[in-house]
Amino acid sequence: MRPINRSDCFMSASATIGTDMPARNALNVRLSRIAAVAGIPVEAFFTESVSATHGGLIELIRLWDAAETETVRAEILAGTRAVVAGASDNLR
């Protein structure tokens with residue numbers, strides 16, 4: 001699996017979604033929601049220098065994107081849920 005280059009993702013999105021298309025507005029809204037939930041600025045998705053916290057989130061998103069099948073994505077989700085559940089159990 002080759003590393004994902006941010007410029008590849010940005011260029012393909014730009015080529016697919018024109019500046020005046022409703023899809024671009026929908027993409028901006030969705031990206032803003034993801035950033036808000038994560039507690040990071042939208043710009044964090046597009047900069048090379050990110051904090052360790054942001055870097056971890058971006059790496060998780062890249063790993064999700066690199067998963068070749070829905071089965072692998074389901075395993076990533078199940079593993080993440082198990083880790084979070086275990087962490088919350090330890091706090092009780």
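Predicted model, so just to flag it, every value in this text is computed and none were measured.
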Can you list, pair by pair, the side-chain donor-acceptor contacts under 3.5 Å of residues 69-85, counting residues two or more places apart and other chains?
unit_1	atom_1	unit_2	atom_2	d
T69	OG1	T71	N	3.4
T69	OG1	V72	N	3.1
R73	NE	W64	O	3.0
R73	NH2	W64	O	3.4
T80	OG1	I76	O	2.8

Side-chain donor-acceptor pairs of residues 30-39 under 3.5 Å, sequence neighbours excluded:
unit_1	atom_1	unit_2	atom_2	d
S32	OG	N28	O	2.9

Item to complete: Tell me whether I40 is reachable from L60 by hopping between hydrophobic residues (I, L, V, M, F, W, Y) whose side-chain heavy atoms are closer than 4.5 Å.
Response: no
